[in-house]
Visitor: 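Dropping the structure in here first, questions after.
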There are 2 protein chains.
Amino acid sequence: MSRETNRDTQGQPSRPPRATSAISSVPVPAAAHAGPVSHAIFRVARLHRMIAGQLLRRVGLHLGQELVMMHLWELGPQRQTDLVRLIDSDAATMTRSIKRLENAGFVRRRPCPDDKRAVIIEPTAASQALRQEVERIWAELEGASTGDLTPDQQAETLNTLRRIEDSLARTAARTSSASAAGTGVR
Amino acid sequence: MSRETNRDTQGQPSRPPRATSAISSVPVPAAAHAGPVSHAIFRVARLHRMIAGQLLRRVGLHLGQELVMMHLWELGPQRQTDLVRLIDSDAATMTRSIKRLENAGFVRRRPCPDDKRAVIIEPTAASQALRQEVERIWAELEGASTGDLTPDQQAETLNTLRRIEDSLARTAARTSSASAAGTGVR
DNA sequence: GTGATTTACTTGTTCGGACAGGTAATGGCG
DNA sequence: CGCCATTACCTGTCCGAACAAGTAAATCAC
């Protein structure tokens with residue numbers, strides 16, 4: 001959360017705060033009642049992102065940069081466009097992210113011999129020291145997400161998340177194609 | 001996703017695509033294998049955020065601004081700091097968000113009579129036209145998230161999400177008070 | 001081979017989010 | 001009353017994300 005995580009100090013608006021139902025449930029009546037699942041996704045996403053950001057910052061990485069490095073470590077040098085596809089990111093975002101990783105000394109840029117448009121990104125030797133740290137962070141993040149769930153419960157959780165993802169993906173496909181029928185058949 | 005959502009286009013670097021297991025499962029070996037739940041959360045969050053952004057953009061709002069408006073509509077005029085607490089946002093972010101909503105004509109700023117430091121934010125009459133749209137969008141987003149789940153399954157999903165949130169919240173509480181080893185890329 | 005299209009990447013802009021200051025106004029305490 | 005920590009808000013900066021637009025190279029069509 002932000003720095004201000006206190007409660008009480010009620011303002012003078014014209015309505016009672018609705019008896020904040022449960023334990024820690026932040027008082028968000030409007031959004032919560034309009035779409036409980038949606039709002040839960042939103043809160044989980046924010047917490048997850050925040051924790052990941054905190055952990056990564058300690059090793060000198062920003063959110064998202066760890067994905068780039070993980071792919072480079074695992075698959076070796078990649079063209080920028082391949083990284084974009086792997087992470088399903090944006091070309092513009094990747095350009096700037098790579099630039100910052102380069103400034104930080106974690107990657108190097110090399111022109112592609114086969115294709116003069118392309119650039120090959122490769123992890124530096126110095127970045128190898130990060131690898132274990134990042135893997136530890138991902139394990140920590142996974143632990144923070146799953147808590148003390150049993151493997152069965154984790155599988156169930158994963159199932160639930162996949163179901164949500166599939167559902168959202170279906171909607172995204174419908175929503176984005178306002179005019180064309182295209183679900184990207186080229 | 002980004003604009004580039006195509007597949008195939010065989011690349012020529014050393015990239016064995018690893019038999020993309022399922023249907024839509026984007027080929028993200030490294031991150032997925034390091035933390036499946038974590039990675040699922042990440043993907044769900046991104047999809048959810050993207051769809052919400054698309055829907056909101058059609059009515060002239062940006063991500064997060066709808067939360068401000070929903071609270072103002074439901075609770076009436078609020079001080080800026082109250083909005084920050086309600087949404088659990090950041091004071092700086094709120095300042096700019098309010099400024100943009102003001103430029104868009106959706107809110108008005110009025111000095112607080114009791115406290116000369118504070119500012120009262122109130123929804124404009126013009127913003128009332130948005131209210132139904134935003135509520136429709138939230139319903140649509142909820143539908144997109146839950147898909148064709150039965151109420152029981154939705155409750156189960158909600159339970160799972162809450163469990164993740166609690167787990168993350170516990171970690172966040174532990175993490176924020178931990179050590180502080182600087183190291184910054186910036 | 002020439003021209004049109006596609007691809008790879010860059011840059012500019014805007015947004016939310018987060019952090020680091022900075023300025024008033026407020027309120028408590030001696 | 002004066003001192004001082006807190007509060008409410010603002011500004012600057014940096015980052016990821018998304019969109020628009022542009023450049024250069026590769027590829028396709030003819």
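Residue numbering restarts at 1 for every chain, and letters A, B, ... go by the order of the sequence lines. Computation of the quantities below employed the complete heavy-atom set of this structure, encompassing side-chain atoms and omitting hydrogens, waters and symmetry-equivalent molecules.
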Visitor: Using a cut-off of strictly less than 4.0 Å, decide whether Q65(A) has a side-chain nitrogen or oxygen near OP1 or OP2 of dC15(D).
Guide: no

Visitor: To the nearest angstrom, how far is L83(B) atom CG from dG17(C) atom C1'?
Guide: 17 Å

Visitor: Quickly work out the M69(B) CE to dG16(C) P distance and round it to whole Å.
Guide: 13 Å

Visitor: Find the distance between CD (E142(B)) and OG1 (T146(B)) and round it off to the nearest 0.5 Å.
Guide: 5.5 Å

Visitor: Whole-Å distance between dC9(D) C1' and Q78(B) CD?
Guide: 16 Å

Visitor: N/O contacts under 3.5 Å, protein versus nucleotides 9-14 of chain C?
Guide:
residue : atom : partner : partner atom : Å
dC9(C)  : OP1  : Q80(A)  : N            : 3.4
dC9(C)  : OP1  : V119(A) : N            : 2.7
dC9(C)  : OP1  : V119(A) : O            : 3.3
dC9(C)  : OP2  : T81(A)  : N            : 2.5
dT10(C) : OP1  : R109(A) : NH1          : 3.1
dT10(C) : OP1  : R109(A) : NH2          : 2.5
dT10(C) : OP2  : Q80(A)  : OE1          : 3.3
dT10(C) : OP2  : Q80(A)  : NE2          : 2.8
dT10(C) : OP2  : T95(A)  : OG1          : 2.9
dT11(C) : OP2  : K99(A)  : NZ           : 3.1
dG12(C) : N7   : R96(A)  : NH2          : 2.4
dG12(C) : O6   : R96(A)  : NH1          : 3.1
dG12(C) : O6   : R96(A)  : NH2          : 3.0
dT13(C) : O4   : R96(A)  : NH2          : 3.2

Visitor: Is R57(B) close enough to dC19(D) that one of its side-chain N or O atoms is under 4.0 Å from OP1 or OP2 there?
Guide: yes

Visitor: Any ion pair linking D82(A) and R85(A) (charged N to carboxylate O, less than 4.0 Å)?
Guide: yes

Visitor: Is there a donor-acceptor contact under 3.5 Å from the side chain of Q80(B) to the main chain of V119(B)?
Guide: no

Visitor: Rounding to an integer number of Å, can you tell me how far D115(A) CG sits from dA8(C) C1'?
Guide: 7 Å

Visitor: Could you give all pairs that pass the side-chain hydrogen bond (donor to acceptor under 3.5 Å, both in side chains) test and reach residues 130-139 of chain A, with sequence neighbours left out?
Guide: R131(A)-E135(A), E133(A)-R136(A), R136(A)-E140(A)

Visitor: What's the CZ-P distance between R49(B) and dC15(C), to the nearest Å?
Guide: 14 Å

Visitor: Considering residues at least two apart in sequence or located in another chain, which fulfil the salt bridge (charged side-chain N to carboxylate O under 4.0 Å, His left out) criterion with R96(A)?
Guide: none

Visitor: L63(A) CG to dG17(C) P: how many Å, rounded?
Guide: 13 Å

Visitor: Can you measure M50(A) atom CE to dG16(D) atom P for me and round it to whole angstrom units?
Guide: 18 Å

Visitor: In whole Å, I'd like the distance from the CD atom of E66(B) to the P atom of dC15(C).
Guide: 15 Å

Visitor: Are L149(A) and I164(A) co-members of a hydrophobic cluster defined by side-chain heavy atoms under 4.5 Å apart?
Guide: no

